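Lettering follows sequence order; numbering is per chain, from 1. Being a predicted model, the structure only gives us computed values, none of them experimental. When reading the values below, keep in mind they use all heavy atoms of this one structure, side chains included, and skip hydrogens, waters and symmetry mates.
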2 protein chains.
Amino acid sequence: MAVRITWQDVYDKIHKRILDSSYAPGDKLPRDEDIAQELGCARSTVQRAMRELSEEGIVERRRKGGTHVRSYPVTRATFDISVTRHEVESAGKVYSYQLINREIAKSPRNVMAAFGLTAPKDMLRIEALHLSDRQPYIYEDRWVCTDTVPEIANVDLQCESANEWLVLNRPYDHADLRFYAQNADAYHADLLDAQLGVALFVMERTTWIGTAPITTVKAVTSPGYQLITRT
Amino acid sequence: MAVRITWQDVYDKIHKRILDSSYAPGDKLPRDEDIAQELGCARSTVQRAMRELSEEGIVERRRKGGTHVRSYPVTRATFDISVTRHEVESAGKVYSYQLINREIAKSPRNVMAAFGLTAPKDMLRIEALHLSDRQPYIYEDRWVCTDTVPEIANVDLQCESANEWLVLNRPYDHADLRFYAQNADAYHADLLDAQLGVALFVMERTTWIGTAPITTVKAVTSPGYQLITRT
DNA sequence: CTCTTGAATAAGAGCGTACTTAATATTAAT
DNA sequence: ATTAATATTAAGTACGCTCTTATTCAAGAG
């Protein structure tokens, strides 16, 4: 019996037609059913392939409207941010960690903004340094909402980083991420063993569970850090 | 008749159990079939939900191994990089564009590295400035592989940016993206109307079709630029 | 000549069944 | 005891059918 057509086969065929411009940006593709008939498979198989193409931002699908090649293609990239320790270790380096500071303090304006608060609040602030092969790697300045995560008060953050504890113990609903560049001030330069004024890559992440804020962290990377994504 | 259970219902139920730690990181979930029975739907409905959870990096699935909550959860974020003009316009600003330079030149070392070439090659280099409300927004330094894209020689890049022309006319297979920070040198400072030495956020993107390189572009953003992603 | 209403359309989703595949566990053979 | 063959398991995929839903288009009402 002839080998069955898989949804990947359908994906490849349609993708190829888009790549060789048989279907150009903006063009309308045949209905799923017609493609199914042409390729000799079920409609659901075509749908599976089409969903993939759609999720990758290659085509756009609308009910009744049909399927179109995106008129302005996008590069859709996905990246994972996990525990810093893993990032270091999977690069084959030795990870270590230093707790710099831990205090209860009123949230400053930038933290309020990240959480969308209107009034300052007492929160737990944790400053820590992640090292890769004994070299400074990432300095993290974290604020944890103790209303939402009271248990963190009892955690020994000398041995377990807040990063790791939160990831394991506080699942979140949604997150806000932002990336930008910042000049090293005296404080960062000292901690990261970098020159004053050097450009540093910064990642900010704020997480919530429902509407309750969990934590916001500003991760300042050491000079030369690159965030890399392959598609 | 009772409303049918949708795959989103299943998704929500399982997701909620993960969020409230009924299933903690590392835990094994029941088989799809058992979940289907419990919730009163077909296995395929559970599978649809599970695939979503899996694609979002919340659970991991292995044949025979079953489904587990990721032992180290990740923040999986997706972002689209499209035509700079759209980015500006969808922020409600006026877009404009200036061609700074266009030349045929031997590819320098960093471009060779991006493409994985061992010997320099003649390529088309295009320098251009994207403006938002008449203010410098992104400076792009682009190298186009004329072996792969000979037609670009005949394009009038004064009116149409290479960015846009390539996106519309040269579909690509896969791309390499990297983000980092860089201090403004005299050249960038001048073009972007920025202070010398200020930290600039840089995005590099290299695209291929099959194994044939298409283009590599270094987009240097003006001070204060942030890449934002919501999950 | 708009605006509303209703039919038509194409994608989205659900179900049940059957078969495939990768990974693990068990058993047999060395 | 170690390895190789085999069975078992749970996810992955395919199919055909039915029904739902968002959109569009066209006809009819104001």
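Taking the side chain to side chain contact (heavy atoms under 4.5 Å, CB included) definition, one finds that A/Thr221 meets it with A/Ile138, A/Phe201, A/Met203, A/Tyr225, sequence neighbours left out. For B/Arg17, the side-chain hydrogen bond (donor to acceptor under 3.5 Å, both in side chains) test picks out B/Tyr23, B/Glu38, with sequence neighbours left out.
Applying the side-chain hydrogen bond (donor to acceptor under 3.5 Å, both in side chains) definition to pairs two or more places apart or across chains, those involving residues 155-168 of chain B are A/Tyr72-B/Glu164, B/Thr84-B/Asn163, B/Arg85-B/Glu164.
Regarding B/Gln8, its CD atom lies at a distance of 12 Å from the C1' atom of C/dG14, rounded to whole Å. In this structure, CD of B/Gln47 is placed 17 Å from C1' of C/dG12, rounded to the nearest angstrom. B/Arg4 places its CZ atom 14 Å from the P atom of C/dA13, with the value rounded to the nearest Å. Rounded to an integer number of Å, the gap from A/Met50 CE to C/dA10 C1' is 12 Å.
The shortest heavy-atom contact between B/Pro25 and B/Pro73 is CG-CG, 4.5 Å. Scanning all heavy atoms of the two residues, the minimum distance from A/Pro171 to A/Ile209 falls at O-CD1, 3.5 Å. Contact detail for B/Gly210 and B/Asp173: the closest heavy-atom pair is N-OD2, 2.6 Å.
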Requested in this report: Test A/Ser22 against A/Asp20 for side chain to side chain donor-acceptor pair (under 3.5 Å), laying out the working first.
Outcome: CA-CA 6 Å; A/Ser22 303; A/Asp20 72 12; 2.6 Å; yes
Open item on the list: Checking B/Tyr95 against B/Glu87 for the side chain to side chain donor-acceptor pair (under 3.5 Å) test, could you report, in this order, the C-alpha distance in whole Å, the side-chain angles of both residues, the deciding distance, and whether it holds?
Closed with: CA-CA 9 Å; B/Tyr95 173 78; B/Glu87 192 180 318; over 6 Å; no
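For the 3.5 Å distance criterion, the side chains of B/Thr75 and A/Arg205 qualify, holding a donor opposite an acceptor.
Contacts with DNA chain D (heavy atom under 4.0 Å) in residues 52-74 of chain B: B/Arg61, B/Arg62, B/Arg63, B/Lys64, B/Gly66, B/Thr67, listed by number. Within residues 31-42 of chain A, the residues having any heavy atom closer than 4.0 Å to DNA chain C are, in order of number, A/Arg31, A/Asp32.
Contacts of B/Ser44 with the nucleic acid, taken as non-hydrogen atoms under 4.0 Å apart, include base atoms. Among the atoms of the strands shown, base atoms are found under 4.0 Å from some heavy atom of B/Arg43.
If you walk DNA chain D from 5' to 3' and mark each nucleotide with an atom closer than 4.0 Å to a heavy atom of chain A, the marks span D/dT13 to D/dT24.
Residues B/Tyr137 and B/Tyr97 place their aromatic rings such that the two centres sit no closer than 6.0 Å.
Listed for the B/Ser132 side chain is no donor-acceptor partner under 3.5 Å among the backbone atoms of B/Gln135.
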